[in-house]
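Some notes on the structure that comes next.
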Protein chains: 2
Amino acid sequence: MAEVVGEMVRSRTRDEILSVAARLFSQVGFKGTSLHDIAVEVGCSKATLLYHFDSKEAILLELVAPAARDLAALDAKTSELDTATAQEAAIEGFVDLVLAYRREVALIYADLPHLLEHPAFADLQPATTRLVTTIAGRSADPAAQIAARVLLAGITAVAIECDDPAELRPALVRVARRALVPGA
Amino acid sequence: MAEVVGEMVRSRTRDEILSVAARLFSQVGFKGTSLHDIAVEVGCSKATLLYHFDSKEAILLELVAPAARDLAALDAKTSELDTATAQEAAIEGFVDLVLAYRREVALIYADLPHLLEHPAFADLQPATTRLVTTIAGRSADPAAQIAARVLLAGITAVAIECDDPAELRPALVRVARRALVPGA
DNA sequence: TCAGATCTTGACCGATCGGTCAGACTGTGA
DNA sequence: TCACAGTCTGACCGATCGGTCAAGATCTGA
């Protein structure tokens, strides 16, 4: 029982560090946020941050890992479906993912070149590329690929700014279908 | 004549500073780029950079000013047109603008919150908002507004990565029309 | 009560940051 | 030749950065 309480106490500081860091990283960027900034908002010291995390970068990596993992899972899932089903599932799945992970996606978006250097995210780019292809209806037409990339980037950018995911979801799915699905 | 030669010499270093800074700012961000980084690539000293520009921030502001100005001009131009003509002109004008200023748009994109604090860019957000409305066909439907924002952000993101603007232009215009224009 | 584990911190570190300035170099026109 | 303007720079500045560490506080189980 005491172990559980200990875990909860430890989790509280650690979770608060992640929460504050996520907010600051998405507002002013990874480089625009200092350990000092995070510590002040959490109400602890820089040394506390670095007791819980190996480095500033480790905080970022821990924040974005779940979203990166779910992106890879979505890619894997849609690879197994036929073209039309996969396109629909990819559109809805992607919209749901970016709405669920708005902040994390903002971090990935802002620091993609930097994150791509990290081994943990080596598959991020290929997975994204495959997802683009799926959303383009597996079309070889360059215009369809471009359209898919426009919609993915646009959905991401708008989702990031969003306060009401439930209201936004149908509109995002609709604009993607309209732009990408034949006869939509 | 000597004045002209002097102008050319002065312009050369200054232009090179802007060119290198634009590339570095768009690759690793304003905060991710140091005066030292820029100086090393230009082949001069930090003091030379600050001889030609008042500050690091002044370099950024000078880089993005033309694009911001042309965005405002596009907004002004399309405000005077009827809805359908304005929508089409705004779509094409916006695509042309982001293709012409890919790097500068990347800088604006990455540092928007920071830039919006500067008086010179106070109208950037309102102009962008009006452009969204124009591209949405001046529709009051929130879904149309969302669709317009998705397309603007998506076109911007894809244009930034682009190597061949001439090839990309028709595809960008087409996906915007398809997503936004009734009966397209 | 006490040893050990966990959490926290102030002081400090080397490195880098944006920026300044006195002085040197170059070019020019009188 | 020389005064002046324009360009450039090395050395330096104060501030901030990411990170370390010895030590203290707290909690826990025996």
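In what follows, chains carry the letters A, B, and so on, assigned in the order in which the sequence lines appear, proteins first and then strands, with residues in each chain numbered from 1.
- Residues A/Phe30 and B/Lys31 have side chains not in contact (no heavy-atom distance under 4.5 Å, counting atoms from C-beta outward).
- Listed pair B/Tyr51 / D/dC8 fails the phosphate criterion, with no side-chain N or O lying under 4.0 Å from OP1 or OP2.
- At least one donor-acceptor pair closer than 3.5 Å links the side chain of A/Thr78 to the backbone N or O of A/Leu74.
- No N or O donor and acceptor, one from the side chain of A/Lys56 and one from the base of D/dG19, sit under 3.5 Å apart.
- With hydrogens and angles ignored, the 3.5 Å screen pairs no side-chain donor or acceptor of B/Ser26 with any backbone N or O of B/Ala106.
- Comparing atom distances between the B/Cys44 side chain and each of D/dG19, D/dT9, C/dT8 picks out D/dT9 as nearest.
- Of all nucleotides listed (D/dG10, C/dT6, C/dG10), C/dG10 comes nearest to the side chain of A/Ser45.
- Using a 4.0 Å heavy-atom criterion, one finds that A/Ser34 contacts the sugar-phosphate atoms exclusively.
- Between the NE2 atom of B/His36 and the P atom of C/dG18 there is a distance of 10 Å, rounded to whole Å.
- Between C/dT8 and A/His52, a contact under 4.0 Å exists linking OP1 or OP2 to a side-chain N or O.
- Residue B/Leu35 places its side chain closer to C/dG18 than to any other of C/dG18, C/dT8, D/dG18.
- Rounded to an integer number of Å, the gap from A/Leu61 CG to D/dG18 P is 15 Å.
- Taking the side chain as every heavy atom from C-beta outward, A/Leu18 and A/Phe53 approach each other to under 4.5 Å.
- At whole-Å resolution of the value, CD in A/Glu57 and C1' in D/dG19 are 14 Å apart.
- Summarising the geometry, the separation between CG on B/Leu49 and C1' on C/dC21 is reported as 16 Å, rounded to the nearest angstrom.
- Taking atom CG of A/Asp54 as the reference point, atom C1' of D/dG18 lies 13 Å away to the nearest angstrom.
- The side chain of B/Leu50 lies closest to C/dT20, out of C/dC7, C/dT20, D/dC8.
- Following rounding to the nearest Å, B/Lys46 (NZ) and D/dG14 (C1') show an atom-to-atom distance of 12 Å.
- Within the 4.5 Å cutoff, no side-chain heavy atoms of A/Arg138 are placed close to those of A/Gln87.
- The side chain of B/Thr13 places an N or O atom within less than 4.0 Å of a non-bridging phosphate oxygen (OP1 or OP2) of D/dC8.
- Here D/dG19 presents its P atom at 10 Å from CD1 of A/Ile38, a figure rounded to the nearest Å.
- Among the nucleotides D/dT7, C/dG10, C/dT20, the one closest to the side chain of B/Ala47 is C/dT20.
- Across the protein-nucleic acid pair, A/Lys31 atom NZ and C/dG18 atom C1' stand 15 Å apart, rounded to whole Å.
- Which of D/dC8, C/dG19, C/dT9 sits closest to the side chain of B/Thr48 comes down to D/dC8.
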